[in-house]
Amino acid sequence: EVQLQASGGGLVQPGGSLRLSCAASGFTFRDSAIGWFRQAPGKEREAVSCISGSDGSKYYVDSVKGRFAISSDNAQNTVYLQMNGLKPEDTAVYYCATDLNSGGLCPPRPSSAGMDYWGTGTLVTVSS
């Protein structure tokens with residue numbers, strides 16, 4: 001059974017940092033792509049970052065480049081999203097998801113429709 005569990009959200013002041021974790025099970029990590037998505041109130045869900053299980057290549061949406069970093073611990077089947085320099089506009093529910101038909105590679109522009117399984121979300125609130 002494929003399972004994804006996101007954790008690590010919370011309340012942080014602008015400029016602060018958080019690290020999100022996505023614990024994955026039930027599939028072969030190197031054959032998948034794992035993405036982080038977020039959905040703010042009243043907005044569509046958007047892809048934030050993605051990491052390819054086969055070669056470790058990464059994708060970031062322009063708004064988080066230079067502030068967020070995605071990484072993986074393949075031995076632990078866990079993907080992390082280190083978020084630095086947080087801004088109020090980063091406030092959202094963050095989800096991790098996997099594309100098991102990707103051949104282990106993130107698409108050039110990940111989308112919600114391309115993901116097969118979703119984890120529960122974790123709320124990130126950036127506010128003073």
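The residues of the chain are indexed from 1 along the displayed sequence. FYI, side chains are in, hydrogens and waters are out, and symmetry mates aren't considered; it's all heavy atoms of this structure.
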Check your understanding: Do Tyr59 and Ile70 have side-chain heavy atoms sitting under 4.5 Å apart?
Key -> no

Point to revise | Arg30 side, atom CZ; Ser54 side, atom OG - distance, nearest 0.5 Å | key: 10.5 Å

Point to revise | Nearest heavy-atom neighbours spanning Cys106 and Ser57 | key: SG-O, 4.4 Å

**Study point:** Ser102 and Pro107, any side-chain heavy atoms less than 4.5 Å apart
**Key:** no

Check your understanding: Do Asp31 and Leu100 come within less than 4.5 Å of each other through their side chains, counting heavy atoms only?
Key -> no

Exercise for review: Flag the pair Asp90 / Arg67 as yes when at least one side-chain heavy-atom distance between them is below 4.5 Å, and no otherwise.
Suggested key: yes

Review point. Side chains of Tyr60 and Val48: does their closest heavy-atom pair fall under 4.5 Å?
Key: no

Revision key, fill the gap. To the nearest 0.5 Å, atom OG1 of Thr98 lies from atom CD of Gln3 at 13.0 Å

Revision key, fill the gap. Across all chains, not counting sequence neighbours, the salt bridge (Lys or Arg N to Asp or Glu O under 4.0 Å) partners of Arg19 are none

Review point. Linking I/L/V/M/F/W/Y whenever any side-chain heavy atoms sit under 4.5 Å apart, do Val2 and Ile51 land together?
Key: yes

Review point. Sub-3.5 Å donor-acceptor pair from the side chain of Thr122 to the main-chain atoms of Ser7, do we have one?
Key: no

Review point. Roughly how far, to the nearest 0.5 Å, is the OG atom of Ser49 from the CD1 atom of Ile34?
Key: 11.5 Å

Point to revise | Considering all heavy atoms, the nearest Cys22-Leu4 contact | key: SG-CD2, 3.9 Å

Check your understanding: Measuring from Ser72:OG to Lys58:NZ, what's the distance to the nearest 0.5 Å?
Key -> 7.5 Å

Review point. How close do Phe27 and Ala24 get, heavy atom to heavy atom, and via which atoms?
Key: CZ-CB, 3.5 Å

Review point. Measuring from Tyr94:OH to Leu18:CG, what's the distance to the nearest 0.5 Å?
Key: 9.0 Å

Exercise for review: Would you tell me whether Thr120 and Gln5 have side-chain atoms, one donor and one acceptor, within less than 3.5 Å of each other?
Suggested key: yes

Review point. Is it the case that one hydrophobic cluster holds both Val79 and Leu105, taking links as side-chain heavy atoms less than 4.5 Å apart, direct or via other members?
Key: no

Point to revise | Between CD on residue Glu46 and OG on residue Ser63, distance to nearest 0.5 Å | key: 5.5 Å

Review point. Going through the distances and angles, do Thr91 and Val124 end up as a side-chain contact (heavy atoms from CB on, under 4.5 Å)?
Key: CA-CA 5 Å; Thr91 295; Val124 172; 5.8 Å; no

Exercise for review: Look at the aromatic rings of Tyr95 and Trp118 and report parallel, tilted or perpendicular, splitting at 30° and 60°.
Suggested key: perpendicular

**Study point:** Taking every non-hydrogen atom, the tightest pair across Gly16 and Val12
**Key:** CA-CG2, 3.7 Å

Check your understanding: Do Ser127 and Leu11 have side chains that get closer than 4.5 Å, going by heavy atoms?
Key -> yes

Review point. Does one hydrophobic cluster hold both Trp36 and Val93, with members joined at side-chain heavy-atom distances below 4.5 Å?
Key: no

Exercise for review: Applying salt bridge (Lys or Arg N to Asp or Glu O under 4.0 Å), name anything that partners Lys65, two or more places apart in sequence or on another chain.
Suggested key: Asp62

Point to revise | Any Phe37 side-chain heavy atom under 4.5 Å of Met115 side chain | key: yes

Check your understanding: Is the shortest heavy-atom distance from the side chain of Met83 to the side chain of Leu20 under 4.5 Å?
Key -> yes

Check your understanding: Which pairs count as side chain to side chain donor-acceptor pair (under 3.5 Å) when at least one residue sits in residues 77-89, sequence neighbours excluded?
Key -> Ser17-Asn84, Gln82-Asn84

